[in-house]
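Before any comments, here is the structure.
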Amino acid sequence: MDHRLIRKLRPRLLAWLRRSRSGRVLFMKRFPYKDIKRATDGFQSIMYTTSHIAAYKARFQDGGVVLIKEMRDYDQGKDAFYREVQLLGRLHHRHLLALKGFSTGHRRLLVFDNIERGSLKEHLTDPIRTPLDWKTRLQIVIGVVAALEYLLLFNEPPMYHVSISSSSIMLDENFNAKLSDVGLQSSGENYVTVPHTSCAKDCMGQECGNIMFQLGVLILELVTGQSSDDRAADLVQWIREYRFCSSIHKMLDPDLGTSVSP
């Protein structure tokens, strides 16, 4: 009986494997393009943009606010895009923005999880929002480091592009950091390519050097309250001119008040 069942299911199993290898996305929701266009107010609700990616805030009819990423200049064909979807779909970590689905209508779009509190940049630069206290800022850095540990050390192969900036770090309802810019097509010159080896063997190389630079700039943003955007070098130069170690009190974000531990 078991042998007959196996012979009966074998053609279906082989067909399933062939479809999987051909680039078809399995177990991932496909969103209608018209629903995404409506949810993003005609792609007007821009959160951040580069030459490769445009990210939009979207509100669907169920009331949830999510992040939509448009993959620009993606000329590698649909199979490459589907591989990107499958790659992101298998990443699961509390400090990564989870992929919910995709759309291949008039644009190649990725639909990510809830971003009700928006981006870290909004909390650092918007005067209407309640300033983040020191404890919350430390919590954000710890969350980003935990996500990097997962991407670099606990994935096989550990080969991803990662961009770290206040614009692309989203915050959940408890102000936990969520990296949103991870994948084969990341944000332009800020991306970091992780090689097919353990990071422990390559941390002195350019790849980990770039990622440490981005993390350092993020920490400077949290300490000073200044947004680097595409001008990370300007922020670093400003810190150098002030001689950080001897005049840190002049560079602290005034919104921190007395919440910083001495």
Testing the basics here: between [X] and [Y], what is the closest heavy-atom pair and its distance to 0.1 Å?
| X | Y | value |
| --- | --- | --- |
| L218 | S166 | CD1-N, 4.3 Å |
| V162 | L179 | CG1-CD1, 4.3 Å |
| W134 | L256 | N-CD2, 3.8 Å |
| L88 | V182 | CD2-O, 3.1 Å |

Would you mind reporting whether [Y] and [X] have side-chain heavy atoms less than 4.5 Å apart?
| X | Y | answer |
| --- | --- | --- |
| Y56 | D41 | no |
| F112 | I68 | no |
| V111 | F102 | no |
| M47 | S119 | yes |

Can you measure from [atom1] ([X]) to [atom2] ([Y]) and round to the nearest 0.5 angstrom?
| X | Y | atom1 | atom2 | result |
| --- | --- | --- | --- | --- |
| F175 | L120 | CZ | CG | 10.5 Å |
| D255 | T224 | CG | OG1 | 11.0 Å |
| L138 | K135 | CG | NZ | 10.0 Å |
| I53 | E70 | CD1 | CD | 10.0 Å |
| M170 | D172 | CE | CG | 12.5 Å |

Is it the case that one hydrophobic cluster holds both [X] and [Y], taking links as side-chain heavy atoms less than 4.5 Å apart, direct or via other members?
| X | Y | value |
| --- | --- | --- |
| V65 | I46 | no |
| Y48 | V66 | no |
| L124 | I142 | no |
| F81 | Y33 | no |
| L252 | I140 | yes |

One pair to check against side chain to side chain donor-acceptor pair (under 3.5 Å): S103 and R108. What are the steps and the verdict? CA-CA 6 Å; S103 174; R108 292 179 183 175; over 6 Å; no
Can you see whether T40 engages R59 through a side-chain donor-acceptor pair at a distance of less than 3.5 angstrom? no
Can K69 and D181 be said to form a salt bridge (Lys or Arg N to Asp or Glu O under 4.0 Å), step by step? CA-CA 9 Å; K69 282 173 61 176; D181 203 351; 3.6 Å; yes
Keeping the roles fixed (side chain from [X], backbone from [Y]), state whether a donor-acceptor pair exists under 3.5 Å.
| X | Y | result |
| --- | --- | --- |
| S180 | S168 | yes |
| Q139 | N174 | yes |
| D133 | T136 | yes |
| Q214 | S163 | no |
| H92 | G89 | yes |

What do the steps show when you test L148 against I211 for side-chain contact (heavy atoms from CB on, under 4.5 Å), and what is the final call? CA-CA 9 Å; L148 293 175; I211 211 169; 3.6 Å; yes
So, is the end of the R38 side chain (NZ or CZ) under 6.0 Å from the ring centre of F60 and within 45° of the ring's axis? no
Can K29 be said to sit on top of F31's aromatic six-ring, NZ or CZ under 6.0 Å from centre and within 45° of the ring axis? yes
Lys/Arg N to Asp/Glu carboxylate O, [X] vs [Y], below 4.0 Å:
| X | Y | result |
| --- | --- | --- |
| R117 | E173 | no |
| D253 | R137 | yes |
| K121 | D126 | no |

Take F43 and L109 through the side-chain contact (heavy atoms from CB on, under 4.5 Å) test and state the conclusion after the steps. CA-CA 11 Å; F43 297 100; L109 304 164; 4.0 Å; yes
Stepwise side-chain contact (heavy atoms from CB on, under 4.5 Å) test for L99 and L91: CA-CA 8 Å; L99 183 68; L91 297 178; over 6 Å; no
Looking only at the aromatic ring of each residue, does the gap between the centers of Y150 and H95 stay below 6.0 angstrom? no
Please identify which of these residues, D113, L110, L67, meets the side-chain contact (heavy atoms from CB on, under 4.5 Å) condition with K100.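 So the option named by the test is D113.
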Show your working on side-chain contact (heavy atoms from CB on, under 4.5 Å) between N176 and L171 and close with a plain yes or no. CA-CA 5 Å; N176 290 307; L171 301 177; over 6 Å; no
